[in-house]
Number of protein chains: 4
Amino acid sequence: MATAAVVGVNGYLGGELLRLLSYHPNFDVTQAVSRSQAGRTVGDALPQVERFGDVVLAADPEKLDTDVAFLAQGAGEAMAIVPSLLARGIRVVDLGPDYRLPQADEYQRVYGRAHADAEHLGEAVYGIPELFGDQVPAAKLVANPGCYPTATLLALAPLAQAGALHGPIVVDAKSGTSGSGAQPSQSAHHPEAALTVRPYGTPEHRHVPEMAAAFGRLGLGPVPLVFVPHLVPLVRGILCSIYAPGDAGTDPAKWAELYNRRYQGSRFVRVGGVPRLPWAQGTNRCYLSVDSAGGAPVVFSAIDNLGKGGAAQAIQNANLMFGFDESAGLAHPGYGV
Amino acid sequence: MATAAVVGVNGYLGGELLRLLSYHPNFDVTQAVSRSQAGRTVGDALPQVERFGDVVLAADPEKLDTDVAFLAQGAGEAMAIVPSLLARGIRVVDLGPDYRLPQADEYQRVYGRAHADAEHLGEAVYGIPELFGDQVPAAKLVANPGCYPTATLLALAPLAQAGALHGPIVVDAKSGTSGSGAQPSQSAHHPEAALTVRPYGTPEHRHVPEMAAAFGRLGLGPVPLVFVPHLVPLVRGILCSIYAPGDAGTDPAKWAELYNRRYQGSRFVRVGGVPRLPWAQGTNRCYLSVDSAGGAPVVFSAIDNLGKGGAAQAIQNANLMFGFDESAGLAHPGYGV
Amino acid sequence: MATAAVVGVNGYLGGELLRLLSYHPNFDVTQAVSRSQAGRTVGDALPQVERFGDVVLAADPEKLDTDVAFLAQGAGEAMAIVPSLLARGIRVVDLGPDYRLPQADEYQRVYGRAHADAEHLGEAVYGIPELFGDQVPAAKLVANPGCYPTATLLALAPLAQAGALHGPIVVDAKSGTSGSGAQPSQSAHHPEAALTVRPYGTPEHRHVPEMAAAFGRLGLGPVPLVFVPHLVPLVRGILCSIYAPGDAGTDPAKWAELYNRRYQGSRFVRVGGVPRLPWAQGTNRCYLSVDSAGGAPVVFSAIDNLGKGGAAQAIQNANLMFGFDESAGLAHPGYGV
Amino acid sequence: MATAAVVGVNGYLGGELLRLLSYHPNFDVTQAVSRSQAGRTVGDALPQVERFGDVVLAADPEKLDTDVAFLAQGAGEAMAIVPSLLARGIRVVDLGPDYRLPQADEYQRVYGRAHADAEHLGEAVYGIPELFGDQVPAAKLVANPGCYPTATLLALAPLAQAGALHGPIVVDAKSGTSGSGAQPSQSAHHPEAALTVRPYGTPEHRHVPEMAAAFGRLGLGPVPLVFVPHLVPLVRGILCSIYAPGDAGTDPAKWAELYNRRYQGSRFVRVGGVPRLPWAQGTNRCYLSVDSAGGAPVVFSAIDNLGKGGAAQAIQNANLMFGFDESAGLAHPGYGV
């Protein structure tokens, strides 16, 4: 049993961490932080979670003394506290963007602010266990990936590693509104979100450099990505439709074989028919299918942005860091309907 | 004032025709056909429409004697009656697929049945007035295009006619569930459609040959299209996200100028910022924006699949055929919210 | 032709007024006010409306000089400007709550602020034309009713006027999220609104005193109402389910007759089978059905909260005030699907 | 460990049973039946469930030999097989309506067919453990209640048992579309369900006699219920708003105390603030709040129709029948968002 802290309880990722940890056999949440709800309890903030209900929300992470801290905050917040946490021997899974890019100058370009902790930038492990899992167990600091990169990289890795990605790859992503956060906003206001599909993020979404960096970490050259996310009237879930013309040949059976082989034995990545989001919602699973459209491969990738694209993958990383079963607390299937 | 008949009242396109015609200043619906509801009235079938409420639904179109007949039926049905309608001097706007492909053998390949009226196939005008409008006024028979081709062709025509389309064009289409028709089905069953985004139509949707034919009608060579439609949890509306690498250069301002020039003065095509479906729902409008993603043009195209992608465009065609104002009965804006 | 001003363009009621007025044959919007968007045009704020696109939004209503002003603002705003508007001879339709209650002290109790224009409170006409229509033509100031009272009062008037309402009447109202306004809020945040039904407004919603006052205006004694509104995952529309035990007997046919007779010849109230909201959405119509449940009458009442429950009814009132056809600009049917 | 069979895998309740049992520590599903999918496996029918994936679906229940059988079928099907199952020593939890009414003639009146197994009608235990839990452990046959009765009876029992229910009680129920089953239908067709709230079931829904019988089982006299269900555009969940004028006094604090006391220590019924359906979706929980509206109590009751209103409650019953922990496999919280 290890002790855990959740920082940022008020956001959807923080809430999802607590929900998932509430039935985790190996982690016990003993501390929690929420600036906006300090003084209230986890039970006040998330009545349905029940376990950890008496944990009082602290205003800041100064007094954390758990084995691991899950940081679910916006850009710029983690890097202000990670040095202190690491110095105190607390291992960190950061669900925000601060440690996802390997270079401080790239971070500054993308997020518009100087990086305050360049020292640890290089030692952060990019936490997609299916791709970089061997680095996770020893990590002191895991940069938990963005939801879009998780869905995209798991979908493209088999073709990329087979050397079959050429020409521009088009990633058309459809995301539920929980991805835009718990803070009410114009674009997620129900009357404006419920009856439309809203493309955004052009000309370059912040997750594109993160994906480029990940291809680099895989030892691959640059992959020209055209990535456009869309808000769809769902709450949870991302479906990426990925169009990959290239040198993959024209035989769908061969592509399927490539994917089946790559993810054989994976605890969380499933290769099969066209995925349905309700299989993935609430879980740590990624459902992939590879099909042919217009003679080229199209890969469909389905995850829960708060699950495999967020809190569940963070717990998967923590499981590996602490030597627990990789799927501890994460084995449950999606609702289906 | 011209008299009109609607065949296929029970479907969503038939209903939309009657709704739109109920405030049309120049058409009077005097006859209507519905096999499944024969003997009932338009008022029984569509209580909210009110005008034409007393028109009794006939079981078949044998006794039609109107100036124009709108046919809103499935594949194979129009070609069985069009020869007789034309012979009796009734002009036809066919909202089904029977006359959209110029070649009978292509029709057989795509729809799996022999074409029963090859004679009129060649004289049918493909009814996107913004692209082929000069042919519509004299037409006896208009093949009203599919919803996906309407959204796609209006979006691609400016780049195509500028010779700037090369390499595979990716069309990722998101459609509301009314596009799958009024007949209950597994894929449009609310519990299975409301919480997901469902790609379908691979490896080749039926609308791809229709789009290829349209490029031919425009005098253009083959455009390699990768087209994948998705069902999203909306009722009305299609948003196409179209990725068009090629020789378009890299200056978004030039692309915008191309689109603005092409559709200047258009009554129904609007070029501007990223479109919202509630602007288009219920209307004959197509909202286009052209943007840059990953250095290449991405075009967003928003229509109502039952409106500009169906019944409203059919009425626009009929307006032209009968010399009425092109926007008669079609000028109303979308709800917005 | 009369000139009109819309004050509060940025809200949903303001937008709906402009949408509906854009195809009104007798009103021309020549001025518009929006504090938050002053300096922009109607075309910037509502691109889909197109007519009136060049009208520049003023920051305040000081320079209005139209024949009629539609005020679509929150509590407390109308009463600050109505005296000046009336003094300048501008007739007013107020879509906010300031003039709906006949007594200043009641207003203070319900809205928590003193009424600033008690003088005109008494002369405001409560604008449900089907119930108080004879007072509207001569009115200088119409208090356009709230959406819930409109749906409820039209549904209860026939039974109430027949003296058949006794015992507590239960009004269970289900409203789309546009009723909560254009300002993003926690309760209308898509991730929190899309998967639930949220009751609110207990122990007493602000619209209850408004309904009590309306029964008084009808010359009826107090009707004990239990009114609970619920937010449902729709954008537009209210369905009220009204349970009315009492002395109505037990014969549904008699109730239906009562309703048919009461609304015979009405331009906008329809009595028939169980209503569907898509018949009412976007329109000025109220669809009523009366049925039996557990031996007592249950009345279902469907309107669009922005339509008959707001902007459309405001235009209906203005039509009567200016001697135009009552249904000018308001005759269109709902989408149905 | 006990062995279990699921009959009716193809429906939503059957699927939910398998999903929930897939992480149950004490039940192992060794047999499953689906007429329409016989020969396929559980893994084919429900790919996301994974456990039990190799179990082959039988066409009929003749060869069942498990410890317990969960029957998730329509009216008339369970009574045809229950005698044989019981004779073979298989304990039964029937999720259909066949054993919910205590009298054969009442069954015939409500379901329009003679009851084929009157013998076991009297010995079936009505399975709401919070109300009739002492009878469940020894039961051979449990009639798992309908979703509406579960939500309603849990909400009304405290007031009813306190003798405070008089006058007509109004139950306005809002249900997600999964309640109407997996079979596509007009009323759950997405284009017709997504934009409306549809009342149905008047003048008397089939669940009313079931609720009346349950009040009888509680030793209470007749409670005059006015019950009207509505389909709302949700997939999972029921919210009942229950208006209960009577002798309950006017002090909300007293009502709350009554509810808190009644459900103190309950594993699955939670009394608190206004419930949110995402707390209940996917779970066996019932969230209750009691409030005041118009001076009388209004009780809000939230469950998942497939969970506490169906499959989860069936498992709770089975837990009690087999002496397992009441919450085995049922402890997980809802998603919240």
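Protein chains get the first letters and strands the later ones, always in sequence-line order, with residue 1 at the start of each. Only a predicted model underlies this, so the values are computations on that prediction, with no experimental measurement involved.
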Heavy atoms of other groups near D/Gln186 CD, more than 12 under 6.0 Å: yes
Does the side chain to side chain contact (heavy atoms under 4.5 Å, CB included) test come out yes or no for D/Gln48 and A/Tyr287, once each step is laid out? CA-CA 10 Å; D/Gln48 81 280 14; A/Tyr287 283 89; 3.6 Å; yes
Contact class of [X] relative to chain A, heavy atoms under 4.5 angstrom:
| X | answer |
| --- | --- |
| D/Leu46 | neither |
| D/Arg51 | neither |
| D/Arg276 | neither |
| D/Val337 | both |

Please check this pair: side chain of A/Tyr335 against backbone of D/Gln281, looking for a donor-acceptor N/O pair closer than 3.5 Å. yes
For A/Pro47 and D/Trp279 the tightest heavy-atom approach is CG-CZ2, 3.5 Å
Ring geometry between D/His332 and A/Tyr23 (parallel below 30°, tilted from 30 to 60°, perpendicular above 60°): perpendicular
